[in-house]
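Protein chains get the first letters and strands the later ones, always in sequence-line order, with residue 1 at the start of each. The figures here come from the full heavy-atom set of this structure, side chains too, leaving out hydrogens, waters and symmetry mates.
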Amino acid sequence: MLDDLNDRQREAAETIDGPVLIFAGAGSGKTRALTYRIAHMVREKGIAPEHILAVTFTNKAANEMKERITRLIGDDARRLWAGTFHSICSRLLRRYGEEIGIAPNFVIYDEADQTALIKQAVSIADIDSQAYTPTRIRWAISSGKNELLDPQDYARARKGPFDEIVARVYSRYQQALRENNALDFDDLLVKAVELLRSRPKVLAALQERLRYVLVDEYQDINYAQYELVKLLSARERNICVVGDDDQSIYGWRGANVGLILSFQADNPNTRVIKLEQNYRSTQKILDCAHAVIRVNEDRAEKRLWTENGAGDNLVVYEAVNEEEEAAYVAGVVARQVRNSGTRYADYAVLYRANAMSRNLESAMREKGIPYEVVGGMSFYDRGEIKDLAAYLKLIYNLDDSISLRRIINKPARNIGEGTVSRLTQLAHSEGVTLFEACRLAGEESDLRKAQKEAVLHFYSMIRRLHEDAAAMSVSGIVKAVLERSGYTDALQASGKADDADRVDTLGELVTDAVKYEQSADEPSLGGFLERLALLSDLDKAEDLGSSVSLMTVHASKGLEFPIVFIVGMEEGIFPHERSMGDQFELAEERRLFYVALTRAQRMVYMSHARGRTIYGSPHGMIPSRFLKDLPPESIDCKFDADSPLMPRMFGDEEAAVRERTVLAGGIDITDVLRRARENSAAAAAQRQEPQTPPAQPSGGETVPEPTEAGKRKPAGATRKKAARSPAKQKKAASVQPLGTGTKVVHEDFGEGIVVSVDEKGDEPAVTVAFVAKGIKKILANHPKLKVRR
DNA sequence: GGACACAAACTTTTT
DNA sequence: GTTTGTGTCC
């Protein structure tokens with residue numbers, strides 16, 4: 001059975017007892033080794049599948065593993081327990097939660113629900129919500145939970161005024177969760193650990209059953225998850241963890257790489273196995289990846305190798321701006337699919353942040369390339385889906401006030417904010433749930449008649465749905481909600497195109513419910529809700545059959561594609577600006593880049609833009625520092641020779657040329673640069689200003705010459721003012737000392753450099769080459785134009 | 001109470 | 001460039 005494996009993989013598959021640590025490099029056949037390992041355990045070693053627990057990071061990975069094991073050993077695979085940490089914990093808590101005071105019909109709160117709850121807690125605690133945003137507080141609470149700190153622990157460990165506030169909100173927040181009979185994502189882990197720690201009988205029962213524990217992606221584990229695994233495997237100590245510290249990219253979410261690196265020390269007699277043969281990529285791709293990752297310190301030493309052959313040089317493309325970058329990507333894809341027999345599905349475009357998909361999408365559309373955005377704003381994040389989910393959650397658990405608030409006036413039924421806050425007061429004074437308050441308010445309260453009726457009507461609709469649900473199928477409940485709530489009717493009546501789409505989306509959810517009924521062992525509303533809460537779009541994406549995949553680098557982990565584009569290779573984007581101040585975060589960015597590179601089988605195209613629009617306004621961009629670590633001999637540097645080349649805005653031009661020379665693999669491209677610049681200056685002269693002399697290079701020695709106007713008025717003071725309130729400066733004639741070569745910045749066009757000065761008109765004008773937006777002629781004292789530094 | 005218009009604030013990455 | 005919050009009007 002194990003003949004299909006290489007020596008290391010076989011060793012991994014055969015080592016069953018005791019602690020095992022497998023370092024599995026990218027593309028090293030990890031899943032193969034793991035599935036064979038489990039198959040070997042069941043078939044050769046006679047271990048019952050129900051004694052095996054396999055924990056993964058995503059549902060998709062869990063399903064894939066199950067499927068592949070099924071192929072090896074057949075239906076016995078159904079008996080093994082494979083799932084994500086969150087789904088496993090959720091199941092444990094449904095089964096045993098009552099032992100620690102958690103009712104089995106708890107609902108799972110997502111981020112939006114959490115934030116809503118924190119907002120309430122903040123408003124009750126009378127905290128300045130401007131300085132302490134709910135999101136920041138949610139973040140802090142979540143980090144606390146990842147470390148298994150309860151509100152008291154958190155208060156004790158506080159360092160600084162922010163933590164003080166967080167500690168207060170945290171304890172209120174937990175109380176509110178209890179009142180709503182709800183758990184948030186992190187609670188699933190925290191409460192599961194609490195259960196195992198405080199109920200020895202439950203723990204013993206689980207240990208009896210789960211004798212072999214296997215954890216995938218161990219580098220992404222956080223403290224709570226670590227503790228959980230430790231508890232479950234404490235008796236038999238048959239714990240096998242698999243991971244790659246070089247691919248640890250979830251530190252920001254509490255994952256602790258240290259836990260994989262210290263596994264050996266924690267578990268005496270650990271067998272360490274390294275899978276270093278790569279079956280995915282070409283040698284050149286691996287060379288580049290290694291050159292990038294070796295810069296990091298504190299990593300377990302390992303190096304991937306392959307028998308796949310050298311392959312082609314990787315490409316670094318310099319784009320003018322993000323639009324041109326996207327057009328380049330789409331152009332390469334279109335050309336190759338036309339000429340070289342590749343399919344759209346062979347391509348993936350990876351980016352650092354979701355917001356960057358926009359340009360790529362429009363470029364793809366323009367060229368008629370089918371594409372699919374994976375992750376990001378997902379199906380389950382859409383407003384109408386969340387509305388419907390809120391109905392279902394409320395019907396399932398009448399205590400859920402967050403869901404109630406969300407849908408009490410959706411569609412509009414004349415229950416506004418005022419009414420809701422009165423209901424809240426009533427709930428408080430009577431000591432009942434918000435839902436009960438709806439009933440009381442209908443009977444006697446100071447509400448107006450119309451409101452009373454509306455509230456009472458809402459109450460009885462929900463109550464009846466709640467009662468009827470017991471005897472209905474899940475899809476039946478979904479349909480009943482859509483009908484009885486008037487939600488679909490309202491959308492159809494609005495007549496807007498968007499609303500028609502929403503009706504379709506809701507239809508998809510009905511389909512989803514039907515599918516769920518067919519596939520689940522014991523379909524229930526609770527089970528469906530759990531799916532809704534814990535399933536992400538990534539798990540859904542299976543049918544990428546015929547389109548280019550667009551996704552974040554994070555979302556690409558675990559996937560592979562013949563040809564990969566990595567866009568936005570610029571300082572501030574990748575590495576991301578918010579990580580640049582911290583060396584640990586920078587190391588994580590580097591690992592992220594490593595992950596991106598190692599997704600590719602045959603070819604990688606990296607691109608950076610000289611200019612890019614970042615929330616609204618344009619910026620000049622410097623190529624990512626990571627590009628400099630790539631081995632020149634494995635890289636081809638390209639750019640569009642026809643595009644106008646602007647002098648670089650940052651640093652001196654010499655350095656820019658040198659950098660480019662390096663990127664070009666040692667070829668001196670100074671000449672190309674010079675010619676391109678002359679072309680652009682000539683073009684500028686032709687377009688804008690026939691009489692102007694050609695633009696001068698922005699050498700460091702060029703001293704800005706003050707214009708006539710500039711001499712008349714010292715500009716220093718006005719410039720400062722202009723910086724503060726540019727709009728008001730229109731009349732103040734803030735004439736600036738602009739000469740050829742002066743670096744300027746414009747509110748709308750971003751950074752640029754003065755190419756020529758025209759003083760013939762009533763007011764002096766300048767021609768400016770903008771990094772991102774090209775050449776423009778502007779009045780020298782235009783309020784939106786400022787001198788850089 | 002609800003619809004609309006405008007300003008401001010801000011964006012990593014996600015089970 | 002987008003979402004979220006605020007203010008005005010009906």
Side-chain angles (χ1 to χ4, degrees), chain A residues 55-62 83-90 108-112 114-115 119 129-130 133-136 138-139 142 145-146 183-189 217 220-222 224-225 248-255 322 350-359 362 374-378 380-381 383 408-422 447-448 450-451 454 494 530-531 533-539 551-557 568 572-580 585 588-589 591-593 595-596 612-618 727 748:
Chain A
V55 193
T56 60
F57 211 65
T58 64
N59 292 294
K60 196 179 162 199
T84 64
F85 275 104
H86 295 270
S87 70
I88 287 167
C89 290
S90 174
I108 299 169
Y109 275 1
D110 67 12
E111 248 169 60
Q114 291 174 44
T115 306
K119 270 186 193 156
S129 62
Q130 291 286 302
T133 63
T135 316
R136 279 184 64 199
R138 170 167 57 74
W139 197 258
S142 174
K145 288 186 175 180
N146 285 332
L183 299 178
D184 65 20
F185 277 133
D186 305 309
D187 275 344
L188 293 174
L189 302 167
E217 308 282 13
D220 288 328
I221 207 164
N222 65 33
Q225 292 162 332
S248 160
I249 55 174
Y250 287 104
W252 53 273
R253 208 173 66 190
E322 70 273 23
L350 310 183
Y351 36 81
R352 178 64 242 268
N354 278 123
M356 293 168 73
S357 72
R358 174 174 310 279
N359 292 297
S362 52
V374 181
M377 173 68 173
S378 79
Y380 302 103
D381 283 339
I408 190 166
N409 203 32
K410 270 181 199 158
R413 22 173 107 81
N414 268 304
I415 307 176
E417 233 174 281
T419 309
V420 173
S421 75
R422 242 166 267 171
L447 289 175
R448 272 183 290 179
Q451 268 70 35
S494 91
E530 181 168 313
R531 216 172 105 95
L534 299 181
L535 206 65
S536 74
D537 229 25
L538 297 183
D539 301 317
M551 67 185 95
T552 63
V553 183
H554 281 91
S556 77
K557 199 175 77 159
I573 302 279
F574 203 174
H576 193 272
E577 195 170 7
R578 304 230 329 221
S579 69
M580 295 198 336
E585 289 181 39
E588 183 155 309
E589 293 284 308
R591 293 192 292 268
L592 192 59
F593 183 40
V595 167
R612 180 179 296 275
T613 306
I614 298 171
Y615 39 50
S617 52
D748 299 330

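For A:N146 and B:dT15, the shortest distance from a side-chain N or O to OP1 or OP2 is not below 4.0 Å. OP1 or OP2 of C:dG5 sits under 4.0 Å from a side-chain N or O of A:K119. In this structure, A:T552 does not reach the B:dT12 phosphate: none of its side-chain N or O atoms is under 4.0 Å from OP1 or OP2. Close to C:dT2, at under 4.0 Å from its OP1 or OP2, lies a side-chain N or O of A:R358. For the OP1/OP2 pair of B:dT11 and a distance below 4.0 Å, the side-chain nitrogens and oxygens of A:N354 include no atom meeting the criterion. Taking side-chain N and O atoms only, A:R578 has a distance below 4.0 Å to OP1 or OP2 of B:dT12.
For A:R352 and B:dT14, the CZ to C1' distance is 12 Å, given to the nearest whole Å. The CE atom of A:M356 sits 17 Å away from the C1' atom of C:dT2 (whole-angstrom rounding). Put simply, CZ on A:R136 is 14 Å from C1' on B:dC10, counting in whole angstrom units. Atom NE2 of A:H576 and atom P of B:dT14 are 12 Å apart (whole Å). Going from atom OH of A:Y351 over to atom P of B:dT11 covers 20 Å, rounded to whole Å. Atom CG of A:L534 and atom P of B:dT14 are 16 Å apart (whole Å). If you measure from atom NE2 of A:H554 to atom P of B:dT15, you get 11 Å, rounded to the nearest angstrom. Straight-line distance from the CZ atom of A:R591 to the C1' atom of B:dT13: 13 Å, rounded to whole Å.
Look at the P atom in both C:dT4 and B:dT13: the space between them is 14 Å, to the nearest Å.
Between A:S87 and A:T84, the side chains place a donor N or O and an acceptor N or O closer than 3.5 Å (distance only, hydrogens not considered).
Salt-bridge annotation for A:E589 and A:R352: present, with a side-chain N of the basic residue lying under 4.0 Å from a carboxylate O of the acidic one. With respect to the salt-bridge test (charged N to carboxylate O, under 4.0 angstrom), the residues A:R358 and A:E322 do not qualify. A:D184 has a carboxylate O that lies under 4.0 Å from a charged side-chain N of A:K145, or vice versa, which qualifies the two as a salt bridge.
Listed by chain and residue number, nothing satisfies the ring-ring contact (aromatic ring centres under 6.0 Å, His included) test with A:F85 (two or more places apart in sequence, or in another chain).
Distance from the side chain of A:E111 is smallest to B:dT14 among B:dG1, B:dT14, B:dT12.
B:dT12 has no stacking from A:W252 on its base ring, since the centres under 5.5 angstrom apart and planes within 30 degrees of parallel are not both found. Both thresholds, 5.5 Å between centres and 30° between ring planes, are not jointly met by A:H86 relative to the base of B:dT15, so the two rings are not stacked.
Summarising the geometry, atom CD belonging to A:E530 is positioned 5.0 Å from atom CD1 belonging to A:I108; distances are rounded to the nearest 0.5 Å. Atoms CG and CE, on A:N354 and A:M551 in that order, are 11.5 Å from each other to the nearest 0.5 Å.
Residue contacts for A:Y250: at a heavy-atom cut-off of 4.0 Å it reaches the sugar-phosphate backbone alone, with no base atom in range. Looking at heavy-atom distances under 4.0 Å, A:E577 makes no contact with the nucleic acid at all.
In terms of heavy-atom proximity, A:L189 sits nearest to A:A224 at CB-CB, 4.2 Å.
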Name the pairs: protein N/O against N/O of nucleotides 2-4 of chain B, kept only if under 3.5 Å.
| from | atom 1 | to | atom 2 | distance (Å) |
| --- | --- | --- | --- | --- |
| B:dG2 | OP1 | A:N409 | ND2 | 3.4 |
| B:dG2 | OP1 | A:N414 | N | 2.9 |
| B:dG2 | OP2 | A:N409 | ND2 | 3.0 |

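Positionally, the nearest nucleotide of DNA chain B for A:T419 lies more toward the 5' end than for the other of A:L189 and A:T419.
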